[in-house]
Amino acid sequence: MRHPTPPWLIELQYNHKLTGREDHSVSALKPFVSHQLRRAELSQRPPIIQSCSNEAFYSRAPLAGMDTLSRVLIIASLVLISAAFTACEVSRSKDSVPVKGGDASAAATSAPLTTGGVAPILLFNGTGTSPNDVAAVETILNDNHLNYSTVNSSQLNQMSESQIREYRLLIFPGGNFIDIGNSLTSSTTANIRNAVQNGLNYLGVCAGGFLAGNSGYYNGLNLTSGVRFSFYSAENQGIRKAAVAIAGPGAPALDQYWEDGPQFNGWGAVVGKYPDGTPAIVEGTFGSGWVILTGVHPEAPAGWRRGMTFTTPASVDNAYAGTLIQAALNRSALAHF
């Protein structure tokens, strides 16, 4: 049986911002870092602990039992990773405006946050989100003539459950799910969970899909009644992004952009499957709320596809992204297996 990825390694694997392109400084470190992390994992693998949801995970282990050279190499690796990720610049959409003193990834809202239900959709663009993916989702919303507002971490932390429920749909896009969750207070995640339970709809894309699961480790929303999610199996093969054929019931497979995305075993009705048969897109309810989660990026623009081969045009995938948003907004069940 393949052991699950330990949480500390998940954080390292996912601690880069989704950009739709590979950062060369990170790529150059991968062979060295992967070797050292794997060496550390094998030499220091602690006992497996079973969580309440029957998901196995590794407890954190000290480095004291390792030889000095291994400790030095791993610490050096982590320093280099931190420097590389800090140096990774993520471009913004041309009409995005950085917020001084606020979230690094926050942008100007398309419409002001309202209390009158003017905008039916609330798009999160706070700490940990990819500005490129926020922009990609905004493009789909605009193409489908859907009114929306954006909200950053500090703004969302100030909203009550009743204020959140004034919107019909909350979208969490791609990025770093650990940073996203940890940028929100525990009362905020509780407000979101209660809002969904009481009728708010939720769409989670990649990191937003991870966030919907249950985990105190990264302050997850637990819209899944205790179910936790892991990466799609390509991650275990050292693949970080790829064109992946997503099969739907009674329909031709669509090549979709995948980057470090989850699979959703154990929750919801399966709308789309990865090539290995695990769920790539799922839908279901949490209380009175309608929830759709996708581990792939149908909203990805053509520019993200450089160096990969897709048989499905970006326009077709983008249209499917619109379908997912409309289904989440209108509580419409999609065809499922």
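Heads up: numbering here begins at 1 and tracks the sequence. Note that this is a predicted model, so its numbers are computed, not measured.
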To the closest 0.5 Å, what do you measure between [atom1] ([X]) and [atom2] ([Y])?
X      : Y      : atom1 : atom2 : result
Asn194 : Leu200 : CG    : CG    : 11.0 Å
Gln263 : Trp258 : CD    : CH2   : 11.0 Å
Leu334 : Leu324 : CG    : CG    : 6.0 Å
Asn318 : Thr139 : CG    : OG1   : 8.5 Å
Ile121 : Ile171 : CD1   : CD1   : 5.0 Å
Leu254 : Thr311 : CG    : OG1   : 8.5 Å

Using atom types as modelled and distance alone, determine if a side-chain donor or acceptor of [X] lies under 3.5 Å from a backbone N or O of [Y].
X      : Y      : value
Ser153 : Thr127 : yes
Asn222 : Ser215 : no
Asn157 : Ser183 : yes
Asn201 : Leu169 : no
Asn152 : Ser154 : yes
Tyr232 : Val296 : no

Taking all heavy atoms of [X] and all of [Y], pick out the closest pair and write down the distance.
X      : Y      : answer
Gln163 : Gln158 : OE1-O, 3.8 Å
Cys206 : Asp260 : SG-O, 4.1 Å
Glu299 : Val205 : OE2-CG1, 3.5 Å

Problem - Candidate list Val316, Ile246, Thr294, test side-chain contact (heavy atoms from CB on, under 4.5 Å), partner Gln256, passing option - result: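 Going through Val316, Ile246, Thr294 one by one, the side-chain contact (heavy atoms from CB on, under 4.5 Å) with Gln256 is satisfied by Ile246 alone.
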Handout entry: Heavy-atom side-chain proximity of Ser233 to Thr278 below 4.5 angstrom
Key =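 They are not in contact (no side-chain heavy atoms under 4.5 Å apart), so the answer is no.
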Problem - Audit row: Glu161, Asn198, side-chain hydrogen bond (donor to acceptor under 3.5 Å, both in side chains) steps and yes/no - result: CA-CA 10 Å; Glu161 177 192 340; Asn198 289 312; 2.9 Å; yes
Problem - side-chain hydrogen bond (donor to acceptor under 3.5 Å, both in side chains) between Asn330 and Arg168, intermediate numbers included - result: CA-CA 9 Å; Asn330 298 312; Arg168 288 168 52 194; 2.9 Å; yes
Which atom pairs, donor and acceptor, lie under 3.5 Å between side-chain atoms of residues 284-291 and protein residues at least two apart or in another chain?
none

Practice task
Begin from the C-alpha positions of Gln155 and Thr150 and carry the test side-chain contact (heavy atoms from CB on, under 4.5 Å) through to its verdict.
Solution key: CA-CA 10 Å; Gln155 290 170 326; Thr150 58; over 6 Å; no
Practice task
Classify the angle between the aromatic ring planes of Phe229 and Phe264 as parallel (below 30°), tilted (30 to 60°) or perpendicular (above 60°).
Solution key: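 Judged by the thresholds at 30° and 60°, the geometry between Phe229 and Phe264 is perpendicular.
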Practice task
Classify the angle between the aromatic ring planes of Phe172 and Phe124 as parallel (below 30°), tilted (30 to 60°) or perpendicular (above 60°).
Solution key: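 Ring orientation of Phe172 relative to Phe124: parallel.
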Practice task
May I ask you to say whether Arg305 pairs ionically with Asp255, meaning some side-chain N is under 4.0 Å from a carboxylate O?
Solution key: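 No salt bridge links Arg305 with Asp255.
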Exercise for the section: Take Asp133 and Trp304, measure what side-chain contact (heavy atoms from CB on, under 4.5 Å) needs, and give me the verdict at the end. Expected result: CA-CA 10 Å; Asp133 199 43; Trp304 292 17; 3.3 Å; yes
